[in-house]
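Below is one structure, written out as structure tokens, with a few remarks after it.
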Protein chains: 2
Amino acid sequence: MFELDVRSRKPIYEQLVEKMKQLIIHNVLKGDEKLPSVRELAQQLTINPNTIQKAYRELESQGYIYSLKGKGSFVHPSSEVDNKEELKKVREELKQLFAEAIYLGMTSEEISALLHEVEGGKQDD
Amino acid sequence: MFELDVRSRKPIYEQLVEKMKQLIIHNVLKGDEKLPSVRELAQQLTINPNTIQKAYRELESQGYIYSLKGKGSFVHPSSEVDNKEELKKVREELKQLFAEAIYLGMTSEEISALLHEVEGGKQDD
DNA sequence: CTAACTGTATTATTACTTCTAGTACAGTAT
DNA sequence: ATACTGTACTAGAAGTAATAATACAGTTAG
């Protein structure tokens with residue numbers, strides 16, 4: 001499914017959260033799609049099931065997936081995502097990153113271009 | 001100078017790096033301005049000098065400050081900052097964050113508005 | 001109902017990172 | 001010389017991440 005850097009200073013479960021978010025955001029994993037089970041993914045990645053669970057718990061609290069006992073974990077459909085806390089966090093991070101980008105010499109034109117590049121790469125299905 | 005959350009899950013030296021970057025980026029700390037010494041700041045914040053040094057080392061490697069043995073640590077003037085690695089990192093983070101913002105329901109207009117808000121708040125002196 | 005899946009929770013242990021503490025050395029300035 | 005600076009190193013305490021081994025509850029296919 002993806003690769004992890006076990007030697008990284010960044011915790012495995014955080015890497016896992018980031019990668020999964022990317023897959024969900026870029027629609028590689030579609031709404032209501034079933035994710036690999038905790039044990040299955042642990043075996044695939046040769047890491048401990050508890051670590052997977054920790055990542056899934058985090059993804060669930062951020063609203064990206066939902067889990068049903070006995071059934072599995074599933075991608076939360078984008079249209080239903082309504083996480084005001086996450087949105088607030090993202091807004092703050094954007095402001096911080098904009099200031100940093102400008103400080104490092106990026107123009108607002110460059111930044112806008114990047115935005116529209118990302119925006120253009122989207123499609124619903 | 002600022003406040004730190006010692007109880008936070010985020011390491012103290014990382015908080016310190018973030019805060020200092022903000023002060024530098026927003027021109028509260030100006031170019032070539034002398035920063036508090038490692039020992040002085042450690043005393044002010046009641047944390048260990050080694051922790052301050054770790055933060056300063058990180059800020060130096062990111063190009064935000066420079067240190068002179070026996071003299072002190074100083075803010076790197078914005079105009080001279082030319083850190084291609086940092087810029088590359090920021091570009092990647094922007095793309096990731098844009099995708100996330102859009103996924104969470106922000107429009108590109110909202111994002112652009114945020115950008116110009118940050119941009120407008122700048123002034124050289 | 002049983003067997004084999006699911007998520008979830010708990011406890012114990014190990015490994016790693018962060019932070020502190022103390023010391024030391026080299027360069028600068030008065 | 002004295003008192004500042006940054007920098008480096010070792011050692012130990014404290015907290016976090018990751019593993020390992022169980023256990024329990026809900027779902028589903030036979």
Side-chain angles (χ1 to χ4, degrees), chain A residues 1-21 24 29 31-77, chain B residues 1-21 24 29 31-77:
Chain A
M1 198 168 198
F2 39 60
E3 292 142 33
L4 297 175
D5 182 2
V6 189
R7 270 170 254 160
S8 167
R9 321 91 195 99
K10 180 165 289 188
I12 296 177
Y13 81 95
E14 276 187 27
Q15 293 181 49
L16 212 48
V17 167
E18 277 184 23
K19 301 265 186 186
M20 299 283 290
K21 272 168 79 167
I24 293 173
L29 295 172
D32 291 320
E33 182 171 336
K34 190 175 181 306
L35 298 173
S37 79
V38 168
R39 292 168 181 83
E40 191 187 337
L41 188 54
Q43 203 164 26
Q44 274 181 35
L45 303 175
T46 57
I47 58 181
N48 195 281
N50 292 343
T51 306
I52 307 287
Q53 197 204 337
K54 189 168 182 179
Y56 277 16
R57 198 189 310 140
E58 177 65 18
L59 284 166
E60 184 161 20
S61 87
Q62 288 187 26
Y64 285 89
I65 70 174
Y66 60 93
S67 298
L68 302 175
K69 207 183 284 184
K71 304 191 78 172
S73 297
F74 306 84
V75 176
H76 204 135
Chain B
M1 196 171 201
F2 39 60
E3 292 143 33
L4 296 174
D5 181 3
V6 190
R7 271 170 252 162
S8 166
R9 324 90 194 99
K10 179 165 291 188
I12 296 176
Y13 79 96
E14 277 188 27
Q15 292 180 50
L16 212 47
V17 168
E18 277 184 22
K19 301 263 186 185
M20 299 283 290
K21 275 169 79 166
I24 293 172
L29 295 172
D32 292 321
E33 181 170 338
K34 189 171 182 308
L35 298 174
S37 78
V38 168
R39 293 168 179 83
E40 191 186 337
L41 188 53
Q43 204 165 25
Q44 273 182 34
L45 303 175
T46 55
I47 57 181
N48 195 281
N50 293 340
T51 306
I52 307 287
Q53 197 204 336
K54 189 167 183 181
Y56 276 17
R57 197 188 310 140
E58 177 67 18
L59 284 166
E60 183 161 21
S61 87
Q62 288 187 26
Y64 285 90
I65 70 174
Y66 60 94
S67 297
L68 301 175
K69 208 185 281 184
K71 305 191 78 173
S73 298
F74 306 85
V75 176
H76 204 133

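Naming: A, B, ... by sequence-line order, numbering from 1 per chain.
- For residues 4-13 of chain B, the salt bridge (charged side-chain N to carboxylate O under 4.0 Å, His left out) pairs, not counting sequence neighbours, are K10(B)-E18(B).
- The separation between L16(A) atom CG and dA17(D) atom C1' is 14 Å, rounded to whole Å.
- Qualifying ring-ring contact (aromatic ring centres under 6.0 Å, His included) partners for Y64(B), counting only residues two or more places apart in sequence or in other chains: Y103(A).
- Taking atom CZ of R57(A) as the reference point, atom P of dT8(C) lies 8 Å away to the nearest angstrom.
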Hey, what are the protein-to-nucleotides 3-6 of chain D N/O distances that come in under 3.5 Å?
from: dT5(D); atom 1: OP1; to: S37(B); atom 2: OG; distance (Å): 3.2
from: dT5(D); atom 1: OP2; to: S37(B); atom 2: OG; distance (Å): 3.4
from: dT5(D); atom 1: O2; to: G70(B); atom 2: N; distance (Å): 3.1
from: dG6(D); atom 1: OP2; to: V38(B); atom 2: N; distance (Å): 3.1
from: dG6(D); atom 1: N7; to: R39(B); atom 2: NH1; distance (Å): 2.9
from: dG6(D); atom 1: O6; to: R39(B); atom 2: NH2; distance (Å): 2.8

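- For E58(A), the side chain to side chain donor-acceptor pair (under 3.5 Å) criterion is met by Q62(A), not counting sequence neighbours.
- In this view, E33(B) satisfies the salt bridge (Lys or Arg N to Asp or Glu O under 4.0 Å) rule with no residue, not counting sequence neighbours.
- Here the P atom of nucleotide dA24(C) and the CG atom of N50(B) are 15 Å apart, to the nearest Å.
- Shown here are the side-chain contact (heavy atoms from CB on, under 4.5 Å) partners of P36(A), two or more places apart in sequence or in another chain: M1(A), E40(A), L41(A), Y56(A).
- Heavy-atom contacts from other residues, nucleotides or ligands closer than 6.0 Å to NZ of K34(B) number more than 12.
- Atom pair Q43(B):CD and dA21(C):P shows a separation of 13 Å (rounding to whole Å applied).
- For the pair I65(A)/H76(A), no side-chain contact is recorded, criterion being any heavy-atom separation below 4.5 Å from C-beta on.
- With sequence neighbours excluded, no residue satisfies side chain to side chain donor-acceptor pair (under 3.5 Å) with K54(B).
- Atom-to-atom, CG of N48(A) to C1' of dT8(C) comes out at 14 Å; the value is rounded to the nearest Å.
- Atom pair L4(A):CG and dT19(D):P shows a separation of 10 Å (rounding to whole Å applied).
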Return the polar atom pairs (N/O with N/O) between nucleotides 14-18 of chain C and the protein under 3.5 Å, or none.
from: dT18(C); atom 1: OP1; to: Y13(B); atom 2: OH; distance (Å): 2.9
from: dT18(C); atom 1: OP2; to: K54(B); atom 2: NZ; distance (Å): 3.3

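- Residues satisfying the side-chain contact (heavy atoms from CB on, under 4.5 Å) test with P77(B), not counting sequence neighbours, are D32(B), Y66(B), S79(B), E80(B).
- Atom CG in L45(A) sits about 14 Å away from atom C1' in dA18(D), given to the nearest Å.
- Between L41(A) atom CG and dA18(D) atom P there is a gap of 14 Å when expressed in whole angstrom units.
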